[in-house]
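Lettering of chains follows the sequences in order, A, B, ..., and the numbering in each one begins at 1.
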Amino acid sequence: MTDKTVIIGLEIHCQLNTKTKLFCGCSTDFQGDEPNTHVCPICLGLPGAMPRLNKQAVLYALKVAKALNLTVPEVSEFSRKNYFYPDLPKGYQISQYDKPIAEKGIMEVDDDEGHPKNIRITRIHLEEDPGRLIHKTSRDRAGYSLVDYNRSSIPLIEIVTEPDLRSPKEARRFLNKLRSTLEYLEVFDGEREGSIRVDANISIKGHNRVECKNISSYKGVEKALNFEITRQRNLIRKGQRIEQETRHFLEGRGITTSSRSKENENDYRYFPEPDLRPLRVSGWVDDIVLPELPDARRERFMTQYGISENHARTLTGDLKVANFYESVADADSAIAAIWVADILLGEINYRSMRIDDVPTMNIADLIALIRDDTITDKSGVEVLRVMLDHCMGDNVETCEMPADIVTRLGLTKAAGDDFTAVIGEVIAANPNAVADYHAGKKGAVNFLVGQVMKATRGRADPKELNRVMADALKETEE
Amino acid sequence: MVKEYFFEKTDRTNAFITRLGLAMYEETGGPLEGKGIAVKDNISTAGIPTTCGSRILAGYVPPFDAHVVTRLREAGAAIVGKTNMDEFGMGTTTENSAFGPTTNPHDASRVPGGSSGGSAAAVGDGMVDMALGSDTGGSIRCPAAFCGIVGLKPTFGRVSRYGLIAYSNSLEQIGPLGRTVTDVNTLMSVIAGPDPRDTTAYDRPYTHTPSGEIAGMKIAVPEEFFGEGVDPAVAESVRNAIGKLEDAGAETMTCSIPSMAYALAAYYVTCTSEASSNLSRFDGVRFGPSVETKRSWHDEFRDHRGTLFGKEVQRRILLGTFALSAGYYGKYYAKAQVARENVRKDFLRIFKDADIIAGPTMPQIAFKLGEKSDPLSMYLADILTVPANLAGVPAISVPCGTVDKMPVGLQLIGRHFEEERVVDAAFAYEMEVA
Ligand SMILES: [Zn+2]
C-alpha cells in the first residue's frame, strides 16, 4: 500500500558512428550539408532498391554486446516494422523484432548509496533511422513540412534494460556509464546531433506503467523521470488511477504530457525482412578485442597515477578527457589530476569548448609552471583563462603557451619582499579593517589579504602572504 | 560502339506499355548483340519509364538499371520496350493493368496469361525472340503456357532481384521467356550470376548448352497435378508429352505432394502480406504522381493510394495487412510459413528419387477475356505453379500441343540450382516433337 518503490526501465537508441549507412553506401557524415545530398535509391526507398547490410555496423553492435556481457544467438534476423509516416521512405523500418542480434547482458552501476548493483540488459538490436521532417509555417497559417533523407538509414542500436533502475539519479548514472562505454568502444560519437534518444518506462510499484518517449538528452531523462515520479505520486496520494499511456517529454518546460495519440494501439505488423538473409554472426564475437573500458581505466588511474577515486572517476568518465589526462600526467600526475578534473573541465564547459580544442602541450606547460612553483595557483587560473579565451576555435597554433603568458603579464610568483610595500599601503588605506582585526575579528585578515592579492594580481604566494601580513599587523599593535 | 536498332513491329496484342521505336545497343560481342529484348515493366530501366502497370507510377523514370538490365546491355541487347503486366504482378491474366489488357496472340478474345502477359505475347506474336518476365506464383510460366512459348522461373537466389519492383520478395524471381528452349537458355546465361546488391542472391552463374540427352533421367509425376479442376484435355496433352520424354529415355514414376492442399492458401497469405508492406512506399512523396501538399499528409496519402492503385492491388494490400495484424499473424502469416516449409520438404523428398517433377503448367487453356472476373476462381488457376515458388525450385514451361487450337504448357520442375537439368528435359521434349 505504501510501497513507493520507483521502477524504471530504459530503451536507448544510439547512433553508431560507421562511415556509411546501415543498408547503403551513403556517407553518414552529413552534418552541415544540404538536405537530401547523402541519399541513393536504397535510402530513398526507390522501387526496386534492396538493402545491403553494413558489416561494420554489425561488428559495432557485437562489440557493444560483448562489452555489456550479452549473448549473441546463433541466428538473428531483421524484421520490418510497418507504419506510415512521410519521413519513413519505404513505409517500414528495417529493424529487429523477435530475433535480436544480442540478448541478456549486465552493466554494473552505483546505486544512490554508492553500492554497485547490476542492471540487466534485455537485448540489443540493430535498426535504421528514418529521415527527418522539418516543419515550416507559412504566412497562410497552413504550414508545410519538408523531408530530409540524409538521416535515412543511419545505423542505430537499441539497448533495452530490464526495469532494474530505482531512481532518476541511478538512471542518469546508468546512461552516463553507457555513454562512456560506447565512446570507449569507439562506436559512438556523443557529440553528434541526435546521437542518443531515450524512451523511459516508469512506474510506482503496484501501479500502471507510463512510457516517456523521445527524450534526447541525459539531463532530460533525469528531469522527465523526476517530473513523472512527482506526478504519479500526487495521483496516488489523491487516490487517482495512473493511466497506462505514452507521454511526451517537453524538454523546454521540463514536463511530460499525454500524447493522446493512439500510439499504444500501433500495430507495426512485424514480419521477417525477406530482402535480407538471417544473420549468423555468433562466431564473430570471439575475434572482437575489447579496449580498456571505463571501470578498468579508473582502477588503473588510481594505482598508476596515485590519484583519488573521485578524480579518477571524473577523468575516466569521458574517453577524450581520459586520453587528455594521460598525455599531460607526465609532468606531475597529482597536479595534473587537479588541474584537468577540477579546473580545466569547468573552464572549457563555461566556454562551450571541447577538450579536443585544448592543446595538451600547453596544459603540460602550465602544470610544469605550477609544479616548479613558478606561478601561484591563482595565477595559473588566470593564465589558463587568458589562454583559453584566445584559443577558441580550430586554430590550435594561436594558442599562446602559458610560459609566454606568464612573461607577458609578469605573473611570476612574487617573493615576500616584493609585496611588503603593498601590504603597508593596504594597511594604511584600510584603518577600519585593521581596527576590526585588533578588536578580534579574525575575518578582517582575509579582507586585507584579498586586497593585497588584488593589488598584486595574485602573484603572491598565499601562505607566505598570510605570514607576512600577520607580522605587519602585529607591528601596528599599540 | 553504340548502334541503332529500329523496332517497328506492330503491337497487335497491346503487349507493350512503353515502346522504343529506336533502341540502342552496344557492340559488346556478347551473346545478345543486336537482339531486340522486351522487359517486363516491373524491372527498372534507367531512362525508360517503369510503371508496374499502375497509375501510381505514371511518369516514373528510374535513375538506375536493374541488375538484369545491366547484364542485358553488357550482352549487347537492344531493349525495345517495357511490357504490359497485371498491376504490380497481381493477376493471372494481364487484365489488371492500368494500360488495358494484353490479348493472346493465338486468339484475340483470350488472355495471354499473367502477370508477365505482355512479355509472353510479344514473344508469342514474333515481335521479339526473347523477353524478361518475373514469376511470383507462375507469372512467367502461365503466360508462356497460354502463348505457346518457353518460360523459365529460376531457383530463388539464382538471379539478382535488384531493380525488380517487389511484389513478394521471398517468392519472386526474374526469368527468361523465349520462342525456344535455346533462346531461354541464352537469356538465362546472361541474367544469372552474383550481384552484391541483392544479398539473397547466390554466386551461381549459369553457363550451359542444352542437351537432349536425358536417358536415365528420373521424372516424377504428382497425382495432384492431374486432379480436380484440371481440364482432362489439357491433362491428356501433358501425359502425351511425358510419354515423349519416356521415348527419349527418361524413366517416370508417380509421386504425391500432399502439402499442395495448403499451397494456394500459403501462397496467397505470404504474397499479400509481403505486398502490403512493399507497396507502402508508394506515397506520392518521392516519385510518381505527387500528392497535393496543401492537405494533411495522412488524408492525402490515403486518397492518393485509394485513387491510383487498382482494385486487385487494393484487395491484396488489405488481405496482407490483415494477415500481419496483431492477433492474426499467428493464425495466418506464421501458419503459411509452416505450410510453405511443408511444400519444400515434399519437394526435397521427391527429389531424393527423381530428377524432375512433371505436370501441366496451367489446369486450363487461356481463359476468355473477362472470364475470371471472380478473384477466387482466378486465384485457383495458380494451383500448379505456386508450389515451385513456395519451395524456391526452378521450373520451366514448354509448349506441348494444343487444346481447342490453344497452346498447352508442360511444366518441368527441378532441384534447387538445377536449371541445367530442367532445361535439358525441356530441350529433349522440344527435339522429340520437332
Ligand atoms: Zn543511401
Side-chain angles (χ1 to χ4, degrees), chain A residues 23-25 36 39-55 78-94 97-98 131 133 135-136 138 140 142-147 149 152 264-279, chain B residues 42-44 50 52 57 60 62-67 157 160-166 168-172 195-201 270 273-274 276-288 291 293-295 297-298 301-302 320-329 333-334 337:
Chain A
F23 296 118
C24 65
N36 298 313
V39 293
C40 72
I42 298 169
C43 57
L44 282 176
L46 292 192
M50 295 176 72
R52 185 179 50 201
L53 181 59
N54 181 341
K55 188 176 177 185
F78 285 95
S79 287
R80 291 187 182 178
K81 181 179 182 178
N82 295 283
Y83 64 96
F84 295 117
Y85 210 65
D87 66 1
L88 191 66
K90 298 186 292 293
Y92 57 84
Q93 177 191 27
I94 304 179
Y97 182 54
D98 49 358
L133 282 185
H135 299 286
K136 302 268 184 185
S138 59
D140 60 357
Y144 59 98
S145 300
L146 300 169
V147 202
Y149 294 104
S152 171
N264 285 334
E265 295 159 39
N266 243 348
D267 180 355
Y268 292 120
R269 308 191 314 279
Y270 283 100
F271 73 103
E273 167 58 80
D275 281 341
L276 293 167
R277 288 200 226 169
L279 208 51
Chain B
N42 60 352
I43 298 172
S44 303
T50 299
C52 287
L57 274 174
Y60 172 62
F64 64 98
D65 272 333
H67 178 71
S160 165
R161 290 182 290 118
Y162 194 86
L164 171 67
I165 300 179
S168 183
N169 331 49
S170 73
L171 294 164
E172 63 206 5
D195 173 13
R197 295 171 300 176
D198 174 359
T199 57
T200 68
T270 303
S273 295
E274 291 181 8
S276 72
S277 172
N278 287 327
L279 270 57
S280 295
R281 69 184 65 195
F282 299 97
D283 56 8
V285 174
R286 282 146 293 124
F287 48 83
V291 285
T293 54
K294 287 261 193 296
R295 297 181 63 202
W297 188 75
H298 276 96
F301 169 80
R302 180 195 61 212
T321 303
F322 176 72
L324 290 176
S325 302
Y328 296 97
Y329 180 91
Y333 186 84
Q337 302 322 302

*asked:* Just by distance, no angles: are the side chains of N36(A) and R286(B) close enough, under 3.5 Å, to form a donor-acceptor pair?
replied: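 Looking only at side-chain atoms, R286(B) and N36(A) do not form any donor-acceptor pair under 3.5 Å.
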*Is the closest side-chain donor-acceptor distance between Y329(B) and R269(A) under 3.5 Å?*
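There is no such pair between these side chains.
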Is [Y] close to [X] at the side-chain level, that is, under 4.5 Å between some pair of heavy atoms?
X: W297(B); Y: S145(A); answer: no
X: L276(A); Y: T199(B); answer: yes
X: N278(B); Y: R80(A); answer: yes

Which region of [X], side chain (C-beta onward) or backbone (N, CA, C, O), has a non-hydrogen atom less than 4.5 Å from a non-hydrogen atom of chain A, or is it both or neither?
X: F301(B); value: side chain
X: P196(B); value: both
X: T321(B); value: both
X: S325(B); value: both
X: A326(B); value: both

_Looking only at heavy atoms and a cut-off of under 4.5 Å, which of T200(B), L279(B), I43(B) has the most pairs with chain A?_
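That would be T200(B).
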What distance do [X] atom [atom1] and [Y] atom [atom2] have between them, rounded to the nearest 0.5 Å?
X: S277(B); Y: F271(A); atom1: OG; atom2: CZ; value: 4.0 Å
X: D283(B); Y: Y85(A); atom1: CG; atom2: OH; value: 13.0 Å
X: Y328(B); Y: D267(A); atom1: OH; atom2: CG; value: 10.5 Å
X: R161(B); Y: M50(A); atom1: CZ; atom2: CE; value: 3.5 Å

*Check ring-ring contact (aromatic ring centres under 6.0 Å, His included) between Y60(B) and all other residues, then give those that pass, not counting sequence neighbours.*
F287(B)
_Going by ring-ring contact (aromatic ring centres under 6.0 Å, His included), name the residues that satisfy it together with Y83(A), two or more places apart in sequence or in a different chain._
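In terms of ring-ring contact (aromatic ring centres under 6.0 Å, His included), with neighbours along the sequence ignored, Y83(A) is linked to Y268(A).
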*Take D198(B) and R52(A) through the salt bridge (Lys or Arg N to Asp or Glu O under 4.0 Å) test and state the conclusion after the steps.*
CA-CA 7 Å; D198(B) 174 359; R52(A) 185 179 50 201; over 6 Å; no
*asked:* For a quick test of reading the model, state the closest non-hydrogen atom pair linking R281(B) to L46(A) and the distance between them.
replied: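 Taking R281(B) first and L46(A) second, the nearest heavy atoms are NH1-O, 3.0 Å.
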_Between N169(B) and D275(A) (side chain of the first, backbone of the second, donor and acceptor by atom type, cut-off under 3.5 Å), is there such a pair?_
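No: the side chain of N169(B) does not pair with the backbone of D275(A).
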